Every structure is written in C-alpha cells, then in structure tokens.
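Data first, discussion second: the structure below is written as structure tokens.
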Amino acid sequence: MENKPITVEMDEFDRRIIAALVEDGRMTVTDLAAFVGLSKTPCQVRLKRLQEAGVIRGFRAIVDPAKLGMDHIAFTEVKLSDTREAALREFNAAVRRIPEVEECHMLASNFDYLLKVRTSDIRRYRVVLGEKISALPHVASTSTFVAMETVLEAGHKRVSRKG
C-alpha cells in the first residue's frame with residue numbers, strides 16, 4: 001500500500017508564514033502577522049491550521065555542530081542483501097535507533113540507502129560504522145564519503161514563496 005502524502009491547499013499568506021518561520025521560528029505571532037500583512041487573529045488561525053495539518057511539524061533550535069565537537073560528516077552508501085518489504089521495515093526501524101545517523105534516504109540507485117552520519121571525528125565514525133551501521137539488519141556492504149566542507153545544510157534552506 002502506497003503512503004502518498006496529502007497535499008494541503010495554501011495561498012500566498014500561508015507560504016509567507018512558512019517562509020518567515022523557516023527564517024525565524026521564534027518570531028512572535030504579532031511580528032509574524034505584520035511580516036505577512038495580516039492582523040494577529042487571522043495569522044494565528046492560519047498558523048494553527050498549518051500546524052494541525054502537519055505542514056508545520058514543530059520548532060527546534062539550530063545548533064552549531066562544530067561548537068559541540070560534532071563537525072565530522074560522512075555519507076554512507078548502504079547496500080542490502082534483501083530488499084523485500086519486511087527487510088526494508090526492519091532496516092528502517094533499526095537505523096532510526098542510531099543517534100549518529102542524522103538522515104537516512106532510500107534511493108533508486110545501485111545501492112539502497114544513503115545515510116548522513118555526524119560524529120566527533122573519523123575514529124568515532126569508524127566505530128559507528130563497524131559496530132552500528134554494519135550490524136544493521138540485511139546490510140551487505142557499505143561505502144563511505146567524508147565531507148570536507150558543508151556549503152548548505154538542512155535548516156538553512158529557504159522555502160520557495162511560489163506555489
């Protein structure tokens with residue numbers, strides 16, 4: 001059964017609300033309303049609707065990984081030995097339990113998954129790879145690419161204001 005996301009109808013005000021909050025999630029409703037050109041109450045109603053519809057899933061702090069000593073990023077290609085639905089579910093559930101894995105994407109490629117793994121350094125990455133990633137269900141092989149510099153990262157990308 002295919003899980004197709006339900007698209008939410010949005011107008012220019014909704015897109016401006018989202019763009020403003022992507023830039024500054026701590027913006028007050030009063031400031032948000034002024035920014036998008038609405039009065040406070042209609043802005044609040046739209047904001048609540050966007051949250052209830054799951055368009056806005058939450059708010060979080062964007063931290064500087066380097067200041068936390070976590071500035072080593074590796075991308076890991078993972079090839080599975082079994083790609084039947086049950087095996088994919090097992091892999092998906094298990095990879096979610098590895099805190100060092102920031103992102104996991106299933107791809108249409110010559111490998112099955114691409115992981116973004118953040119650690120303190122290459123030595124810690126090697127431990128995570130050997131003890132956690134390679135031990136995931138149905139992993140047949142892995143290949144690693146180490147990031148030399150981050151140019152653009154999630155949380156810093158602007159949402160298009162066009163529909």
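Values in this document were obtained by computation on a predicted structure and should not be read as measured data. These values consider heavy atoms only, across backbone and side chains, with no hydrogens, waters or symmetry-generated copies.
Among pairs with a residue in residues 59-74, none fulfils salt bridge (Lys or Arg N to Asp or Glu O under 4.0 Å), at least two apart in sequence or across chains.
Listed by chain and number, the residues in a salt bridge (Lys or Arg N to Asp or Glu O under 4.0 Å) with Arg126 amount to none (sequence neighbours excluded). By the salt bridge (Lys or Arg N to Asp or Glu O under 4.0 Å) test, Arg123 is found to be paired with Asp121, residues two or more places apart in sequence or in another chain being considered. Applying the side chain to side chain contact (heavy atoms under 4.5 Å, CB included) rule to Thr28 yields the partners Thr30, Asp31; only residues at least two apart in sequence or on another chain are considered. Scanning for salt bridge (Lys or Arg N to Asp or Glu O under 4.0 Å) contacts around Arg89 gives an empty result, with sequence neighbours left out.
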| said: Pair Glu100, Lys132 - check salt bridge (Lys or Arg N to Asp or Glu O under 4.0 Å), show working. | reply: CA-CA 10 Å; Glu100 294 87 355; Lys132 296 180 180 183; 3.0 Å; yes

| message | What verdict does the salt bridge (Lys or Arg N to Asp or Glu O under 4.0 Å) test give for Lys116 and Glu153, after you've listed the backbone C-alpha separation in whole Å, the side-chain angles of each residue and the deciding distance to 0.1 Å? | response | CA-CA 11 Å; Lys116 178 182 177 187; Glu153 194 162 44; 2.6 Å; yes

| request: Go through the steps for Leu68 and Val63 under the test side chain to side chain contact (heavy atoms under 4.5 Å, CB included), then give the verdict. | output: CA-CA 8 Å; Leu68 298 174; Val63 299; 3.8 Å; yes

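Without hydrogens or angle criteria, Arg15 side chain to Met10 main chain gives a donor-acceptor distance under 3.5 Å. The closest donor-acceptor contact from the side chain of Arg16 to the backbone of Phe35 lies under 3.5 Å. Without hydrogens or angle criteria, Ser134 side chain to Leu129 main chain gives a donor-acceptor distance under 3.5 Å. At least one donor-acceptor pair under 3.5 Å links the side chain of Asp14 to the backbone N or O of Asp11. Side chain of Arg124 to backbone of Thr119: no donor-acceptor contact under 3.5 angstrom is found.
Once rounded to the nearest 0.5 Å, the distance linking CD1 of Ile56 with CZ of Arg49 reads 9.5 Å. The OG1 atom of Thr142 sits 9.0 Å away from the CG atom of Leu115 when rounded to the nearest 0.5 Å. Considering CG of Leu50 and CZ of Arg57, their distance stands at 14.0 Å, rounded to 0.5 Å. Note that CZ of Arg118 and CD of Glu102 are 4.0 Å apart. Values are rounded to the nearest 0.5 Å. Between the CZ atom of Arg26 and the CG atom of Leu21 there is a distance of 13.0 Å, given to the nearest 0.5 Å. For the atom pair CZ (Phe59) and CE (Met27), the distance works out to 11.0 Å, reported to the nearest 0.5 Å.
A 4.5 Å side-chain heavy-atom check between Met106 and Leu88 finds at least one atom pair inside the cut-off. Tyr113 places none of its side-chain heavy atoms less than 4.5 Å from the side chain of His105. Side-chain contact between Cys104 and Phe91 is present, with at least one heavy-atom pair separated by less than 4.5 Å.
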Cut-off 3.5 Å, no hydrogens considered: what does the side-chain donor-acceptor table look like for residues 75-83, sequence neighbours left out?
| from | atom 1 | to | atom 2 | distance (Å) |
| --- | --- | --- | --- | --- |
| Thr76 | OG1 | Tyr125 | OH | 2.7 |
| Ser81 | OG | His138 | O | 3.2 |
| Asp82 | OD1 | Arg84 | N | 2.9 |
| Asp82 | OD1 | Arg84 | NE | 3.0 |
| Asp82 | OD2 | Arg84 | NE | 3.4 |
| Asp82 | OD2 | Arg84 | NH2 | 2.9 |

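Under the 4.5 Å side-chain heavy-atom criterion for Ile, Leu, Val, Met, Phe, Trp and Tyr, Val36 and Val29 are members of the same hydrophobic cluster. Using a 4.5 Å cut-off between side-chain heavy atoms of Ile, Leu, Val, Met, Phe, Trp and Tyr, with links allowed through other members, Val22 and Val8 fall into the same hydrophobic cluster. Ile122 and Phe145 fall into different hydrophobic clusters, where Ile, Leu, Val, Met, Phe, Trp and Tyr are joined by side-chain heavy atoms under 4.5 Å apart, directly or via other members. No continuous path of ILVMFWY side-chain contacts below 4.5 Å connects Val117 to Phe111, so the two sit in separate hydrophobic clusters. Following chains of ILVMFWY side-chain contacts shorter than 4.5 Å, one cannot reach Val101 starting from Val127, and the two form parts of different hydrophobic clusters.
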